[in-house]
Asks: 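Got a structure for you, questions after.
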Amino acid sequence: MYEFAVAPAVTSIRRRGVEIAEVSPESLGFELELESGDRIIKVNGRPVRDYLDFRFQTAGETELVLEVRKATGEDWELQIERGEGEDFGLSFEQIVPRQCANECIFCFCNGNPADARPSLFIKDEDVRLSFLYGNYTTLTSITEDEMRRIVEQRLSPQYVSVHATDLDVRAYLLGIDKQRADIAPKLKRLLDAGIEIHAQVVLCPGINDGEILRRTIADLAAEYPRITSVAIVPLGLTRYNTDPRLTAVTPDFCRQIIAEVTTIQSELRRRLGTTFAFLGDEIYLRGRREVPPRSHYGDYPQIEDGIGMVRSFENEFAALLKRLERRAPAQPAKLHGTLLTGTLFAPVLQPLIENLNARGGARFTVAGVENKYFGGDVSVAGLLTGGDLVAARERISGDFAIIPKSTLKSDEAIMLDGMKLEELTAKLGLPVHPLDLKSFAQFLFRKN
């Protein structure tokens with residue numbers, strides 16, 4: 001049982017080893033008398049820096065020597081024999097992410113209001129988080145030790161923010177010099193070692209579009225299948241990011257990009273057998289163009305970056321409707337509530353919910369909520385705040401409200417503006433259910 005989470009960066013001196021957060025009862029760790037607060041310093045003589053080191057150094061090993069610094073300050077050396085695959089039953093302290101040293105002109109942290117939750121100002125540049133969660137790194141300041149670790153521990157795939165293969169343009173976007181911006185040798189080293197790479201381009205109008213984008217796609221596609229995919233996502237500007245070097249993404253720009261990249265995608269599918277270069281869903285929605293079919297996305301290599309989320313959602317929603325047909329709701333009329341979502345996704349969700357109502361007899365409504373907290377062109381559901389939702393109170397009908405689960409912090413019921421779920425519930429004056437599609441399905445069946 002391994003658990004992992006991301007903690008905000010701290011300025012305190014880092015202690016040796018990795019701290020145990022919890023020990024499961026009746027586990028091997030419990031039998032060894034390991035306790036919360038103990039630190040594992042070494043495994044078989046090798047230093048342990050974090051949870052990943054512990055997992056790597058204990059994997060497949062049945063005879064182990066652990067050096068442990070007890071919470072009391074005692075030093076223990078544990079000689080261990082364990083069954084093959086036997087779990088220690090340990091969860092560990094949160095990893096403190098390595099911080100980014102770039103000054104990207106489009107960085108979303110620059111678009112946060114001063115009172116935003118502190119974690120929103122953390123700019124991580126950590127290959128561990130890239131491997132674990134698909135966080136993007138630029139590889140501009142990766143150390144030799146980190147390079148060796150990726151290869152040795154097979155931290156694959158890695159997600160790399162390329163943005164442009166033209167060095168002048170990349171350096172300009174990242175706010176660094178060309179020498180640091182050049183990651184070609186590092187990419188080659190990782191690719192030659194068999195590390196899978198997924199690339200990203202944050203598309204900034206007038207900077208890395210047009211011929212620069214075409215060259216970037218071509219350069220990355222030349223390394224297929226070692227570079228597996230590239231996600232092309234639009235620049236997002238809030239009302240706080242007023243950098244004159246940046247131009248807002250417009251519907252016309254999105255339509256132009258769709259037309260240009262669709263031609264490239266057709267050629268890539270003919271030549272490589274895959275779309276390879278994927279446009280973010282936001283580009284299709286903002287350009288008011290239909291999202292591509294399921295076959296376009298293959299195995300959804302970058303869905304967490306908003307590539308194919310809409311198509312996947314629609315397909316899963318269709319499956320939900322079939323389930324409801326097989327299991328007719330007993331009291332559909334009692335389901336009367338409002339689904340609050342971002343203005344970008346509301347037009348997608350509206351016909352799906354109307355279909356659900358028609359088939360099952362429920363009375364759901366959909367309300368697209370304007371994001372006034374960030375402003376600008378921010379319109380995605382996951383960035384809605386408590387204040388935004390409260391401002392939409394008059395648009396809520398029925399007995400309850402459903403909000404996107406993604407508006408809450410992953411490990412705490414709190415939104416980006418610091419409002420807690422219980423406070424939102426009190427201000428709206430009715431029950432609030434934070435749900436994703438899976439939990440929405442459970443909600444339907446539980447209520448019926």
Asks: Of all residues at least two apart in sequence or in a different chain, which pass the ring pair (Phe, Tyr, Trp, His ring centres under 6.0 Å) check with F253?
Replies: none
Asks: With the threshold set at 4.0 Å, does a side-chain nitrogen-carboxylate oxygen contact exist between R271 and E267?
Replies: yes
Asks: Pair I150, L190 - check side-chain contact (heavy atoms from CB on, under 4.5 Å), show working.
Replies: CA-CA 8 Å; I150 292 174; L190 294 176; 3.8 Å; yes
Asks: Does the side chain of Y240 come under 3.5 Å of the side chain of N110 through a donor N or O and an acceptor N or O?
Replies: no
Asks: Taking the side chain as C-beta and beyond, is there a heavy-atom pair between R239 and K372 under 4.5 Å?
Replies: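 Side chain of R239 against side chain of K372, heavy atoms only: no contact under 4.5 Å found.
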Asks: With a 4.5 Å heavy-atom cut-off, do F108 and V202 have their side chains touching?
Replies: no
Asks: With the threshold set at 4.0 Å, does a side-chain nitrogen-carboxylate oxygen contact exist between R189 and D192?
Replies: no
Asks: Do the side chains of D436 and K438 get close enough for a salt bridge, i.e. N-O under 4.0 angstrom?
Replies: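 Salt bridge between D436 and K438, a charged N being under 4.0 Å from a carboxylate O: no.
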Asks: Answer yes or no: is there a side-chain heavy-atom contact under 4.5 Å between R98 and D124?
Replies: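 SC-SC contact between R98 and D124 ruled out.
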Asks: Can you list the residues that meet the ring pair (Phe, Tyr, Trp, His ring centres under 6.0 Å) rule with F278, with sequence neighbours excluded?
Replies: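 Listed in chain order: H296.
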Asks: So, T341 side chain and G368 main chain: donor-acceptor pair closer than 3.5 Å or not?
Replies: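 No, because the side chain of T341 does not come within donor-acceptor range (under 3.5 Å) of the backbone of G368.
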Asks: Using 4.0 Å as the upper bound for N to carboxylate O, is an ion pair formed by R286 and E282?
Replies: yes
Asks: Kindly indicate, with the supporting measurements, whether the criterion side-chain contact (heavy atoms from CB on, under 4.5 Å) is fulfilled by L421 and I403.
Replies: CA-CA 10 Å; L421 181 60; I403 65 172; 4.2 Å; yes
Asks: Indicate yes or no: does E146 engage R149 in a salt bridge with an N to O separation below 4.0 Å.
Replies: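 Not counted as a salt bridge, because no side-chain N and carboxylate O are separated by less than 4.0 Å.
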Asks: State which residues pass ring pair (Phe, Tyr, Trp, His ring centres under 6.0 Å) with F131; sequence neighbours excluded, sorted by chain then number.
Replies: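 Result, ring pair (Phe, Tyr, Trp, His ring centres under 6.0 Å) vs F131: none returned.
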